[in-house]
There are 2 protein chains.
Amino acid sequence: MTLTDWFHDTKPQRPAEATDQDLLARAGVPMAFAKDEEIYGQGEPADRIYRVVSGVVRTSRFMPDGRRPIGAFYHAGEIFGVEQGDQHEMGAEALSNCVIQVLSRDAFAAAGREAELQKLVWEATLRDLEIAREHLALLVRKNARERVASFLLGLSEKARHELVDLAVGRQDMADYLGLTIETVSRMITQLQGAGIVEFPTYRQFRICNRHMLEGIAAG
Amino acid sequence: MTLTDWFHDTKPQRPAEATDQDLLARAGVPMAFAKDEEIYGQGEPADRIYRVVSGVVRTSRFMPDGRRPIGAFYHAGEIFGVEQGDQHEMGAEALSNCVIQVLSRDAFAAAGREAELQKLVWEATLRDLEIAREHLALLVRKNARERVASFLLGLSEKARHELVDLAVGRQDMADYLGLTIETVSRMITQLQGAGIVEFPTYRQFRICNRHMLEGIAAG
DNA sequence: CGTGGCTTTGAAACATTTCAATCATCGTGG
DNA sequence: CCACGATGATTGAAATGTTTCAAAGCCACG
């Protein structure tokens, strides 16, 4: 599928998995990253494509004032690190121990898969835009309780087990949601008290009443 | 410049004006829209490309709950209405009386300018992403005063006169900034009281102390 | 001139942050 | 293996910022 095809395609676009995984899976090199390890830094050359095999990755950008707007979280199966320019606008770090499959852009070229590469870039950009817009809507319209509920719900949709791994600490949640640690903590306590979610440990939870959680998240 | 060229271009990408304007200016049909008129609706086929000649346009999306996250504001010279799918994810409306140059996508095809069209789509998407990210940073990290200051500053950069047209009412500002009308109003009063900006009328302003305004906007 | 829509202002209610203290958890070394 | 210390999470109380509700003011338009 070339970009032109893509462009004229009438169906709603979904991050396609099949072909991406093909090449990445065949030619990509699996690499392990430890928790908190940097996968690539802001400003480094963006000459590789990454796919999460396991673990959770976060992209974020450091601002002049020292604070850190977060781009997105990436979970197993998701592709990241694909950027429009040739240097990374945001850095990426492993939030947990991760296995990441890595493929250089040159490998695409070598394989004569330019078109596929373009498609990856395009899809990654669209996905980023969609994520940014949803995030925007969350920040504009939702209060603390709703934000936390949305966040947990979002995580649970990506997760494969009933017991969901938070992967991030409270500070990261707070940054992402535009709240303080303390507020996040209070909201979690509240949701837990209402029997809607359950936190066996600080970093993993289970949804007890999905319907209610969705009600809260919707506002 | 094809998309492949673009992709390999090393320079930081800026919404290019030259070629876009060429085709749009030559083949585009100028149309007038009255204030508050809908240019296209959410869900309508996205088969045209628009460029603002004069006036201000806003894109926004209606959410299930009735509220309205705003995509962006577009001023003279900017291109909008270009979308990845073939229907508009957001509607567009004229915030003031506008002149908009319109060109159908088919016209690009007819002119054998597919590549240019692709480039337009690509650039528009990148710009949207950049706007969304900046907006995100604003909402996550800034308080009411800083948000309003940033907004005014942003408008003034797009404007061509010292006396800047707001184009939007307080309600629109508030929606965009994630605040209430009243808070926006108070912040404006405050900035005015401090002699940083001046509002000769409700809908236009002048920056008296740009340096200070920038200081506030930065946080 | 009114009238209607938008804006400003005020006061009280509310949500969130801040600051401070306590508590849990986990890894480490005794 | 347990105790300890460090890190991160929770809780509380007061302060702050923002919203809400209500009223008054301003401007544009007929």
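The chains referred to below are lettered A, B, ... by the order of the sequence lines, with proteins before strands, and numbering in each begins at 1. Any value given below was found using the heavy atoms of this structure, including those in side chains, with hydrogens, waters and symmetry copies removed.
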Here the distance between atom C1' of D/dG8 and atom CG of A/Asp172, to the nearest Å, is 12 Å

Show me the protein contacts with nucleotides 21-30 of chain D, counting only N or O atoms at under 3.5 Å.
from, atom 1, to, atom 2, distance (Å)
D/dC21, N4, B/Glu182, OE2, 3.1

To the nearest 10 degrees, the angle between the two end axes of the helix from C/dC1-D/dG30 to C/dG30-D/dC1 (five pairs per end) comes to 30°

Exercise. Give A/Thr189 one of three labels, base, sugar-phosphate or nothing, depending on what nucleic acid heavy atoms sit under 4.0 Å from its own.
Key: sugar-phosphate

Heavy-atom nearest pair, B/His75 first then B/Val52, reads O-CB, 3.3 Å

First and last nt of DNA chain C near chain B, cut-off under 4.0 Å to heavy atoms, 5' to 3', are C/dT7 to C/dA11

B/Phe199 side chain near B/Leu152 side chain, heavy-atom distance below 4.5 Å: yes

Between A/Val197 and A/Cys208 the two heavy atoms that sit nearest each other are C-SG, 3.9 Å

Between B/Leu177 and B/Leu139 the two heavy atoms that sit nearest each other are O-CD2, 3.4 Å

A/Gly55 and A/Ser96 have their tightest heavy-atom pair at CA-OG, 3.3 Å

B/Glu146 atom CD is separated from D/dG17 atom P, nearest whole Å, by 11 Å

Report yes if a side-chain nitrogen or oxygen of A/Ser185 is closer than 4.0 Å to either non-bridging phosphate oxygen (OP1 or OP2) of D/dA9; otherwise report no. no

Requested in this report: Determine, for A/Lys158 against A/Glu78, whether the closest basic-nitrogen to carboxylate-oxygen distance falls under 4.0 angstrom.
Outcome: yes

In whole angstroms, the gap separating C1' of D/dT7 from CZ of A/Arg203 amounts to 11 Å

Heavy-atom nearest pair, A/Ala159 first then A/Val164, reads CB-CG1, 3.6 Å

| message | Looking only at side-chain N and O atoms, does A/Glu44 offer a donor or acceptor that is under 3.5 Å from a partner on A/His88? | response | no

| So what does B/Ile188 hit on the nucleic acid, given a heavy-atom distance under 4.0 Å: a base, only sugar-phosphate, or nothing? | nothing

Walk me through whether A/Tyr74 and A/Tyr50 qualify under ring pair (Phe, Tyr, Trp, His ring centres under 6.0 Å). CA-CA 10 Å; A/Tyr74 298 93; A/Tyr50 304 80; over 10 Å; no

